[in-house]
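One structure is given below, encoded as structure tokens.
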Amino acid sequence: MTLTTFALVRHGQTDWNAQRRLQGSTDIPLNDVGRGQARDAVDVLSGYEWDAIVSSPLSRAAETADLIAAGLGVSVARRVPELAERSFGPAEGLQDGPELDALRIPGGFRGAESEEAAASRGLASLEALAEEFRGRRVLVVAHGTLIRVSLSRAIGRTLQSIDNAVLNLAHHHAVDGWQLEYFNGERVVAAVQS
Ligand SMILES: O=C(O)[C@@H](CO)OP(=O)(O)O
């Protein structure tokens, strides 16, 4: 089986990231730090061949993808709606604290998209991309939670190997045992077989 190679890239920083406010489906643009992070990623990623770049439609990811694509000279193939961040419902905009705690229920927040639903759509879109770009190398620019839950699901089902799977452009973010690492200049790929 020919493997498709993905670099899974988290978008750069937004003001809400800096303020530690949950964004989810709220469309917050990159800030200057985030735009700089996207440009810095070009230096790291330019050591590899990329056949396509796809992104979540939310502007923090789309703009990161556009900046990386411009720097690499690769056209942005498309926005993939299923790569949008998990929706957190009424928890969006909140920081850690009592107001957020009041919305917590097992597995998430009241009124939020379930982790199961986000993982299903995220992994299905990765599997479709793996098939479409079979044997090639694809940059996917998406979100912390969406990437984490999709890969968590993939490990249970179809992920064959992970080798520094996640490029985290914004900040270290450990959730449920998944450590999304800032890119360290080594191999950055997850090989996904569908
Ligand atoms: O939505 C958010 O605030 C976080 C949650 O993980 O994700 P991202 O910043 O990657 O979109």
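Treat the numbers as computed from the prediction; the structure is a model and nothing was measured. For ligands, and for the atoms within them, numbers begin at 1 and follow the listed sequence.
Counting only non-hydrogen atoms, the option in Gly24, Gly12, Ser25 that gets closest to atom 1 (O) of ligand 1 is Gly24. Closest heavy-atom approach to atom 3 (O) of ligand 1 within the set His143, Glu85, Gln23: this belongs to Gln23.
At a heavy-atom distance under 4.0 Å, only side-chain atoms of Asn17, from C-beta outward, approach ligand 1.
Ligand 1 places these atoms under 4.0 Å from at least one heavy atom of Thr145: 5 (C), 6 (O).
Asp51 and Arg134 are not joined by a salt bridge, as no carboxylate oxygen comes within less than 4.0 angstrom of a charged side-chain nitrogen. Using a cutoff of 4.0 Å between basic side-chain nitrogens and carboxylate oxygens, Arg60 and Glu85 are not scored as salt-bridged. A salt bridge is defined here as a Lys NZ or Arg NE, NH1 or NH2 lying under 4.0 Å from an Asp or Glu carboxylate O, and Glu116 with Arg121 fails to meet this definition.
Between Gly144 and ligand 1, an N or O atom pair is found at a separation short of 3.5 Å.
Heavy-atom distances between His11 and ligand 1 reach below 4.0 Å in at least one pair. Using 4.0 Å as the threshold, Arg60 has a heavy atom nearer than that to some atom of ligand 1. Between Phe88 and ligand 1 there is a heavy-atom distance shorter than 4.0 Å.
Distance check: Arg10 CZ to Leu146 CG gives 11.5 Å after rounding to the nearest 0.5 Å.
For Glu49, the CD atom counts as loosely surrounded, since its 6.0 Å shell holds 12 or fewer non-hydrogen atoms of other residues, nucleotides or ligands.
Partners of Glu99 by side-chain hydrogen bond (donor to acceptor under 3.5 Å, both in side chains), not counting sequence neighbours: none found.
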